[in-house]
Amino acid sequence: MARILITSALPYINGVKHLGNLVGSILPSCAYARFMRQRGHEVMFLCATDEHGTPAEIAAAKAGVPVEAYCAEMFEVQKKLCEGFGISWDWFGRSSSAQNRALTQHLAGELDKAGLISEVEERQFYSPTDGRFLPDRYVEGACPNCGYARARGDQCENCTKLLDPTDLLDPHSAISGAKDLEIRATKHLYLRQSAMRERLRAWISSKQDWSNLVSSIARKWLDDGDGLQDRSITRDLKWGVPVRKGDQPWPGMEGKVFYVWFDAPIEYIASAAEWAEARGLPDSAWRRWWRTDEGAADVRYVQFMGKDNVPFHTINFPATIMGSGEPWKLVDLIKGFNWLNYDGGKFSTSQGRGVFMDQALEVLPDSDVWRWTLLSNAPEGSDSDFTWGILQTALNKDLADVLGNFVSRVTKFSAAKFGETLPEGGAPGPLEAELTEALDKALTAYAAHWEAVEIRKAASELRAIWSLGNDYLQRAAPWSSFKTDPALAAQTVRVGVNLARLYAILSAPFIPEASGKILRALNLPEEETLKAWPADAASALTALPAGHAFAVPENLFRKMEDSGREALEARFSGVAA
RNA sequence: GGUGAGGUAGCUCAGCUGGUUAGAGCGUCGGACUCAUAAUCCGAAGGUCGGGGGUUCGAGUCCCCCCCUCACUACCA
């Protein structure tokens with residue numbers, strides 16, 4: 001038994017996430033965690049909301065509530081939605097927790113002791129009307145290059161020219177529209193990443209099993225332009241972790257907070273501390289997952305994220321951890337995902353384009369359908385497309401026809417001919433031998449794909465395993481043999497129902513609801529059965545003996561008609577209301 | 001502009017360090033079967049691997065040039 005630490009990129013607090021966010025980190029991390037638990041490993045699967053920063057403050061202001069209340073509410077909304085998708089984390093925390101505040105301040109203090117923090121005076125736009133400093137992208141004005149009136153301070157989206165906010169003509173606040181902007185000097189702390197460049201490079205180079213996507217993004221940051229730059233870790237905001245050196249004040253930094261990119265990944269660790277506190281466990285219970293000197297040396301740590309998050313997990317956060325000089329667990333495998341596009345275009349939170357998590361469950365409440373569709377089409381190798389046609393195919397063909405119909409035909413036939421207990425008689429023959437051989441190969445491949453975190457390949461192998469069942473039934477044809485040799489048909493039926501049990505176990509990482517339905521129909525205890533991962537096909541096909549009572553389950557999946565698909569396509573075309 | 005990723009059958013995608021007739025699912029066509037959610041199973045057709053040049057006995061796979069798509073570009077997190 002191994003110990004597996006799993007984290008999903010933290011969803012930002014300001015609103016409901018779309019399917020692209022879901023498939024890029026939360027969903028695959030959940031499926032992977034479920035697989036590892038079923039294999040008998042000890043799993044700690046953590047996630048949290050990322051709550052600090054300017055967008056949260058602005059979203060709260062727009063909603064007319066204090067930012068703390070806004071975050072508390074959105075945390076509950078996001079938590080419920082994820083639970084609706086069957087997300088199986090051990091703890092879903094909040095980056096605004098007391099634990100994260102303390103740990104962030106502590107790590108900043110350690111970095112300072114190590115000489116890795118520098119103070120830099122910079123000049124930023126300040127808006128007296130808004131009462132805040134404005135990040136570049138919250139300053140708008142006319143583009144000096146093309147004249148576009150609503151260029152943002154970081155880039156003109158019309159001519160794509162990169163800008164400095166001071167370049168803008170007629171600059172004003174994107175929040176209030178105020179024009180009385182002034183440039184103020186302000187002092188900030190920088191993490192001296194440049195000093196850790198070679199250490200980071202050596203660490204990154206040692207990771208041979210990272211994907212091309214992840215490695216190349218990491219290398220780019222090390223070597224782009226003048227190489228790895230130091231990076232500001234503080235902001236002039238109210239909503240965030242107050243800047244302190246451990247538990248001591250930080251002279252000159254009064255009233256400032258840590259920049260959200262700095263405290264958010266630290267929440268991976270802090271969320272484990274939240275978990276321990278919520279369960280009344282001692283600190284050692286969570287530190288054995290995170291401190292290599294307190295038991296975490298044998299932990300395997302896998303992170304899931306979209307490609308936009310890769311720099312933070314390959315460069316910035318490791319720099320924080322390594323720089324502290326303390327023995328915190330570093331990530332072993334980073335699983336990065338590309339983008340999921342919506343019908344050829346981009347999912348967009350700001351434009352309301354695509355399908356959001358709340359809408360998805362509203363129009364199609366069976367979360368297994370979403371899990372299977374999204375995971376079996378996950379954007380692993382390249383950006384990939386979500387369309388309603390793909391969902392319809394995944395539901396109708398894979399889930400309903402290949403898996404659902406298999407369970408249906410085998411249980412119904414058995415019940416009709418032999419009653420609702422597994423019949424006796426017959427003995428395995430050549431067909432069973434062939435099935436066993438094919439299944440053994442497939443089981444090995446399936447588990448290997450999960451071990452390598454190859455989600456699409458695992459899905460494809462699972463589908464092939466489902467198909468083996470139909471192939472077997474087709475050739476064994478118990479509906480024919482029953483007329484002449486009922487014992488032979490009984491043998492086929494026993495194998496068939498055992499296949500249904502096996503499918504429930506193998507499929508659970510993808511479709512936990514359907515797995516539960518199968519196991520309940522087969523009168524099997526869900527939790528123990530899921531952990532009975534098959535050692536080999538032969539034992540899996542004889543797990544349920546003659547005499548075992550079962551029931552015919554309701555159809556596992558209901559298909560989507562073309563008219564239903566068309567209605568969804570129409571509803572979600574272009575920009576949502 | 002810079003950097004990165006990608007361009008493989010009608011569609012969605014696999015193809016590791018270069019090696020026999022380039023793969024899968026869906027779709028299409030044909031056949032078998034009738035237990036089952038008009039389900040299943042078998043078979044077939046379908047590709048000048050974005051374009052051009054080069055290296056090699058041999059390239060989808062390596063090198064160069066070009067075209068197209070997308071993302072990122074450090075103050076969004």
Side-chain angles (χ1 to χ4, degrees), chain A residues 9-14 50-56 122 124-125 133-139 152-155 160-162 164-165 188 193 212-213 216-217 219-221 223-225 228-232 235 259-261 264-265 306-312 315-316 338-339 341 344-346 349-350 376-377 379-387 389-390 392-394 396-402 404-414 416-417 454 456-457 459-460 463-464 467 469-480 482 489 492-493 496 552 554-559:
Chain A
L10 309 186
Y12 195 68
I13 194 73
N14 68 339
D50 174 11
E51 303 193 358
H52 293 135
T54 309
E122 45 186 51
Q124 291 195 347
F125 271 105
F133 281 92
L134 297 175
D136 288 357
R137 64 168 50 191
Y138 288 105
V139 181
R152 292 187 321 202
D154 54 345
Q155 184 173 24
T160 74
K161 186 178 171 61
L162 295 179
D164 186 277
H188 282 295
Q193 299 183 139
N212 187 30
L213 175 75
S216 55
I217 291 174
R219 274 198 303 274
K220 181 213 153 184
W221 277 68
D223 296 323
D224 194 37
L228 185 58
Q229 302 295 299
D230 296 342
R231 194 161 188 177
S232 168
R235 296 284 86 186
Y259 190 18
V260 54
W261 78 255
K307 60 184 171 184
D308 57 329
N309 257 313
V310 169
F312 293 93
I315 304 288
N316 309 130
N338 288 282
W339 300 118
N341 290 318
K346 197 178 159 183
T349 303
S350 56
S376 63
N377 292 284
E380 281 182 299
S382 59
D383 292 356
S384 67
D385 222 30
F386 173 84
T387 65
I390 286 172
Q392 186 189 24
T393 300
N396 291 2
K397 294 301 299 181
D398 298 348
L399 296 178
D401 289 348
V402 180
N405 182 54
F406 173 81
V407 173
S408 189
R409 68 195 293 206
V410 79
T411 52
K412 280 185 181 171
F413 179 83
S414 183
K417 304 298 182 191
E454 298 266 20
R456 289 178 84 121
K457 287 180 182 171
S460 164
R463 191 189 179 288
S467 196
N470 283 311
D471 182 27
Y472 168 72
L473 275 193
Q474 194 70 23
R475 293 198 289 157
W479 46 90
S480 298
F482 181 75
T492 304
V493 158
V552 175
E554 284 187 27
N555 286 348
L556 295 177
F557 297 98
R558 196 166 50 189
K559 294 192 197 183

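Atom set for the values below is all heavy atoms of this structure, side chains included, hydrogens, waters and symmetry mates excluded. Convention: sequence-line order gives letters A, B, ...; per-chain numbering from 1.
- Side chains of His188(A) and Tyr259(A) form no contact here, defined as non-hydrogen atoms less than 4.5 Å apart.
- Annotation: rC41(B) and rU34(B) have their C1' atoms spaced 12 Å apart (nearest Å).
- Annotation: side chain of Arg456(A) is in contact with side chain of Asn377(A) (closest heavy-atom distance under 4.5 Å).
- Between the NZ atom of Lys307(A) and the C1' atom of rU3(B) there is a distance of 13 Å, given to the nearest Å.
- Following rounding to the nearest Å, Lys220(A) (NZ) and rC72(B) (P) show an atom-to-atom distance of 10 Å.
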| task | Determine which bases of RNA chain B form Watson-Crick or G-U wobble pairs with both distances under 3.5 Å, and write the result as a 5' to 3' dot-bracket string with | for other-strand partners. | result | (((((((..((((.....[...)))).(((((.......))))).....(((((..]....))))))))))))....
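- Going from atom CG of Leu213(A) over to atom P of rU3(B) covers 18 Å, rounded to whole Å.
- Contacts of Pro55(A) with the nucleic acid, taken as non-hydrogen atoms under 4.0 Å apart, involve only primed sugar atoms and P, OP1 or OP2.
- Between rG25(B) and rA14(B), the two C1' atoms lie 11 Å apart (nearest whole Å).
- For Lys417(A) and rC35(B), the NZ to P distance is 7 Å, given to the nearest whole Å.
- Remark on RNA chain B: of its neighbouring residues Asn555(A) and Leu134(A), the 5'-side contact belongs to Asn555(A), judged by nearest-heavy-atom nucleotide.
- Taking atom P on both rC42(B) and rA24(B), the two are 12 Å apart, rounded to the nearest angstrom.
- If you check every strand for non-hydrogen atoms under 4.0 Å, Ser460(A) touches nothing.
- Looking at Arg235(A) and Val260(A), their side chains never come closer than 4.5 Å, going by heavy atoms from C-beta outward.
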| task | Show your working on side-chain contact (heavy atoms from CB on, under 4.5 Å) between Trp221(A) and Gln193(A) and close with a plain yes or no. | result | CA-CA 11 Å; Trp221(A) 277 68; Gln193(A) 299 183 139; 5.7 Å; no
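- Note on Tyr472(A): every side-chain N or O is 4.0 Å or more away from OP1 and OP2 of rC41(B).
- The main-chain N or O of Val410(A) is never found under 3.5 Å from a side-chain atom of Ser414(A) such that the two would form a donor-acceptor pair.
- Put simply, the side chain of Tyr138(A) never gets that close to the backbone of Phe133(A): no donor and acceptor are under 3.5 Å apart.
- Phosphate proximity of rC33(B) to Arg475(A): absent, as no side-chain N or O sits under 4.0 Å from OP1 or OP2.
- Using a 90° window around 0 for the glycosidic torsion, rG46(B) falls inside it and is classed as syn.
- Side-chain contact between Ser408(A) and Asn555(A) is present, with at least one heavy-atom pair separated by less than 4.5 Å.
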| query | When you check every protein heavy atom under 4.0 Å of nucleotides 6-18 of chain B, what one-letter string (B, S, -) results, 5' to 3'? | reply | ------SSSS---
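- Here Glu554(A) contributes atom CD and Leu556(A) contributes atom CG; the two are 9.5 Å apart, rounded to the nearest 0.5 Å.
- Atom CH2 of Trp479(A) is separated from atom C1' of rC35(B) by 5 Å (rounded to the nearest Å).
- Protein atom CG of Asp308(A) is 12 Å distant from nucleotide atom P of rA71(B), rounded to whole Å.
- The Tyr12(A) side chain lies nearest to rA77(B) when the options are rU37(B), rA77(B), rC26(B).
- Separation of the C1' atoms belonging to rG27(B) and rU69(B) is 25 Å when rounded to the nearest angstrom.
- Using a 4.0 Å heavy-atom cutoff across all strands shown, Trp339(A) reaches sugar-phosphate atoms only and no base atom.
- Asp50(A) contributes no side-chain N or O that, together with a main-chain N or O of Pro11(A), makes up a donor-acceptor pair within less than 3.5 Å.
- Nearer to the 5' terminus of RNA chain B, by closest-nucleotide assignment, is the contact made by Ser216(A) (compared with the other of Val260(A) and Ser216(A)).
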Measure all distances between protein nitrogen or oxygen atoms and nitrogen or oxygen atoms of nucleotides 38-40 of chain B, and list the pairs falling under 3.5 Å.
from    : atom 1 : to        : atom 2 : distance (Å)
rA39(B) : OP1    : Lys559(A) : NZ     : 3.4
rA39(B) : O5'    : Lys559(A) : NZ     : 3.1
rA39(B) : O2'    : Asn405(A) : OD1    : 3.4
rA39(B) : O2'    : Asn405(A) : ND2    : 2.3
rU40(B) : OP1    : Lys397(A) : NZ     : 3.4
rU40(B) : O2'    : Arg409(A) : NH1    : 3.2
rU40(B) : O2'    : Gln474(A) : OE1    : 3.4
rU40(B) : O2     : Gln474(A) : OE1    : 3.0
rU40(B) : O2     : Gln474(A) : NE2    : 3.2

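- Rounded to the nearest Å, the gap between the C1' atom of rC66(B) and that of rC13(B) is 27 Å.
- Here the straight-line distance linking atom CD of Glu380(A) with atom CD of Glu454(A) works out to 6.0 Å at 0.5 Å rounding.
- Arg463(A) comes within 4.0 angstrom of sugar-phosphate atoms only, judged by non-hydrogen atoms across all strands, and of no base.
- Here, rG15(B) and rA22(B) have their C1' atoms 8 Å apart, quoted to the whole Å.
- With a 6.0 Å radius and a threshold of 12 heavy atoms from other residues, nucleotides or ligands, Arg558(A) has its CZ atom at or below the threshold.
- A 4.5 Å side-chain heavy-atom check between Lys559(A) and Asp401(A) finds at least one atom pair inside the cut-off.
- Residue Arg231(A) contributes atom CZ, which lies 10 Å from atom C1' of rC76(B) at whole-angstrom precision.
- Comparing the same atom, P, in rA32(B) and in rG46(B) gives a spacing of 23 Å after rounding to whole Å.
- Under the 4.5 Å side-chain criterion, counting only non-hydrogen atoms from C-beta, Pro265(A) is not in contact with Phe312(A).
- Here Phe557(A) lies in heavy-atom contact (under 4.0 Å) with a base.
- Between the P atom of rC76(B) and the OH atom of Tyr138(A) lies a distance of 8 Å, rounded to the nearest Å.
- Using atom C1' as the reference point in both rU73(B) and rA77(B), the two lie 15 Å apart (nearest Å).
- Inter-residue side-chain proximity for Val493(A) and Lys417(A) is flagged as unmet; no heavy-atom pair is nearer than 4.5 Å.
- Using a 4.0 Å heavy-atom criterion, one finds that Leu473(A) contacts no nucleic acid atom at all.
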